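All of these numbers come straight from a predicted model, not from anything done at the bench. Quick note: residue numbers are just sequence positions, from 1.
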Amino acid sequence: MAGDGREFDVVVLGATGFTGRLTAEYLARQGDSGTRWAVAGRNKGKLAALRDELGVDVPIVHADSDDLGSLRDLAGRTRVVATTVGPYLVYGERLVQACAELGTDYVDLTGEPEFVDLMYLRHHDTAVRSGARIVHACGFDSIPHDLGAYFTVRQLPEGVPLRVEGYVRASGRISGGTLHSALTAFGRGRQMAVIGKRRRRAEHAGDRDARAVAGRPRLDRALGGWVLPLPTIDPQVVRRSAAALERYGPSFRYSHYAVLPNLLTTVGVVGGVGVLFAGAQLPVTRRWLLSRLPAGEGPSAKQREDSWFSVRFVGEGGGRRVVTEVSGGDPGYGETAKMLAESALCLAHDDLPPTAGQVTTAPAMGDALIARLQKAGIAFTVLESSEG
C-alpha cells in the first residue's frame, strides 16, 4: 500500500470510548514490538488521561468524525486506522472516504449492513485505485464466523460444491454503543433493503455461486438446543468471502444460527428482539431505549471475565464431513478489542495477498490473521473429520 514513510503504523480512533479503550489497552500490553501507534479522538484531555492510565508514551492525534479535514490529516499520517466510533451509519463515512482517497487501510467493528453496503457503493472504486483495504466487521461481527467458515473450508476437498453451517453460542452483556448501533439499524429496515439491492446490482458476482441461506428454526438434539437463524451481517460477510476466493468451490452455501438451550429461552430471545425492533420504529421510544444504556458504558471487568463464545461449524462436500469450532472469552468487548487490534497489526505488518477496495477478512488476511488470533488465545479447532 501507499503507506511507506508514514508517521504511524496504527492509529486507534475513538480510543476513549468503551471498546476503543480496550483496544488501546491491548496494543499497549500485547501489541507487536516496535509498532508505531497513536490514539485519536476529539478530546485531547481525555486522550492524555487514557495515555497516562495505560502508562505508555504514545502520541495523541486530534480527529473529529464530523470534520473531513481532520480525518484526512489522520489518514495521511498512518498506514492503518482502527475505528470504534459508532453507530457507523451516523459517524463513519467521512473516515472511510479519507482512507479510500489516501490509500490508508481501515478496520472497524460495524455490524450495520446498510453502512457496509453504502460504503461499497460510494468508496470501493476509489479505494481500489488508491490501494486502500477497507475491512469492515473486524470484531465478533464477523471475524469468528468469516474466518471460522474459511478454516472449515480449508479442511474440505477443493473444486467441489461445499456447504457450511455455523452455530453460535455466547454469554455476555452489551454496551451502550452496541445498543445504539442495533437500534439505529432496526429503525432503518426500508432504507437498508434499498441500499442492499443497489449494492447487489453494482457488485461483480464472479464465476462461483456463493449464497447465504437463511435456514429454519428447529430443535437439534445433536447440538443440545433450539437453533434459530441469525439475521446478522455475518452470513453476508461469509458469502462475500466465498465469492472472492476460489477455495470455496464452484458452489457454496452458508447458513448461520444461534443455539439456545430450551424453548423458553428461545421464546424470550425472540420476544426481546421483537420489542427492541418495534421500539426502534418510533423516535420517542427509540430515544427512551437509548437512554437506558448510554453510549460509552458497558459491562464490568468481572462481567467480561465471565463471558465466553463458541461457534461450531459443520462443513460438507466432496464426500467429506468436518466439524470445527472457534472459541474464546468475552465476545463483545475483550475478544472484539483483540480481534480489531490484531486485524490492524496484521494489515500493518504481515505479508498478505494483494487486495484493495472493500474486502472481507478472509481474502484480505486469512491464514495470517488466524495465526495471530490463535497466538492471542482464540482457538480454531478441528473436532471431527470423516468420509461420507
Side-chain angles (χ1 to χ4, degrees), residues 6-29 31 35-102 104-112 115 119 132 134-136 138-139 175-181 184 290 293-298 332-334 336-345 347-348:
R6 297 194 183 189
E7 186 177 354
F8 306 118
D9 297 312
V10 176
V11 174
V12 180
L13 179 63
T16 60
F18 190 80
T19 309
R21 176 181 293 266
L22 293 175
T23 305
E25 287 178 1
Y26 184 87
L27 287 171
R29 295 172 184 170
T35 297
R36 302 164 303 155
W37 67 285
V39 292
R42 291 182 300 175
N43 190 316
K44 288 187 175 181
K46 288 184 178 180
L47 290 167
L50 171 65
R51 182 177 63 181
D52 293 343
E53 188 179 312
L54 295 178
V56 291
D57 185 19
V58 296
I60 291 171
V61 179
H62 177 262
D64 187 332
S65 60
D66 289 330
D67 180 358
L68 182 57
S70 72
L71 296 174
R72 281 181 172 140
D73 176 70
L74 166 64
R77 296 172 66 184
T78 185
R79 301 180 65 198
V80 186
V81 176
T83 175
T84 63
V85 182
Y88 291 90
L89 195 59
V90 178
Y91 300 113
E93 180 172 1
R94 289 182 180 88
L95 179 59
V96 174
Q97 178 183 344
C99 290
E101 290 173 350
L102 294 169
T104 303
D105 290 340
Y106 164 103
V107 291
D108 68 23
L109 297 175
T110 189
E112 304 163 48
F115 173 72
M119 295 307 95
I134 307 298
V135 193
H136 301 290
C138 289
S175 74
T178 299
L179 179 63
H180 280 234
S181 291
T184 298
L290 291 173
L293 187 58
E297 295 186 8
Y333 306 99
T336 279
K338 179 187 296 181
M339 294 174 202
L340 182 68
E342 291 292 355
S343 296
L345 292 169
L347 289 174

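Side-chain atoms of Ser70 come within 3.5 Å of backbone atoms of Asp64 as a donor-acceptor pair (strictly under, hydrogens ignored). Using a distance-only test at 3.5 Å, with no hydrogens or angles considered, a donor-acceptor pair links the side chain of Arg51 to the main chain of Val58. Side-chain atoms of Arg36 come within 3.5 Å of backbone N or O of Glu7 as a donor-acceptor pair. Side-chain atoms of Arg6 come within 3.5 Å of backbone atoms of Thr78 as a donor-acceptor pair (strictly under, hydrogens ignored). Using modelled atom types, one side-chain atom of Glu112 and one backbone atom of Tyr88 make a donor-acceptor pair closer than 3.5 Å.
Taking CZ from Arg21 and CG from Leu50, the interatomic distance works out to 5.0 Å, rounded to the nearest 0.5 Å. The distance from the CG atom of Leu47 to the CZ atom of Arg42 is 11.0 Å, given to the nearest 0.5 Å. The CG atom of Leu71 sits 10.5 Å away from atom CD of Glu101, with the distance rounded to the nearest 0.5 Å. Taken from OG1 in Thr35 to CG in Asp9, the straight-line distance is 5.5 Å, to the nearest 0.5 Å. To the nearest 0.5 Å, atom CD of residue Glu93 and atom CD of residue Gln97 are 6.5 Å apart. Of the inter-residue distances, the one linking Cys99 atom SG with Asp108 atom CG reads 10.0 Å to the nearest 0.5 angstrom.
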* Asked: Given Asn43 and Thr16, is the side-chain contact (heavy atoms from CB on, under 4.5 Å) satisfied, shown in steps?
  -> CA-CA 9 Å; Asn43 190 316; Thr16 60; 5.9 Å; no
* To do: Take Val11 and Arg77 through the test side-chain contact (heavy atoms from CB on, under 4.5 Å) and record every step on the way to the result.
  => CA-CA 9 Å; Val11 174; Arg77 296 172 66 184; over 6 Å; no
* To do: Would you sort out whether Leu345 and Leu27 count as a side-chain contact (heavy atoms from CB on, under 4.5 Å), showing the intermediate values?
  => CA-CA 9 Å; Leu345 292 169; Leu27 287 171; 3.9 Å; yes
* Audit row: Met119, Ile134, side-chain contact (heavy atoms from CB on, under 4.5 Å) steps and yes/no -> CA-CA 9 Å; Met119 295 307 95; Ile134 307 298; 5.6 Å; no
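When every heavy atom of Gly14 is checked against every heavy atom of Thr84, the shortest pair comes out as O-OG1, 3.2 Å. Closest approach of His136 to Val96, counting heavy atoms only: CE1-CG2, 4.3 Å. Annotation for Tyr91 and Ser65: closest pair O-CB, 3.5 Å, computed over non-hydrogen atoms. The shortest heavy-atom contact between Tyr26 and Ala341 is CD2-CB, 3.4 Å. Closest heavy-atom contact between Ala337 and Thr19: CB-O, 4.3 Å. Residues Gly20 and Val12 approach most closely at O-CG1, 4.1 Å, considering heavy atoms.
Salt-bridge check for Arg79 with Asp105: failed, with every basic side-chain N at 4.0 Å or more from each acidic carboxylate O.
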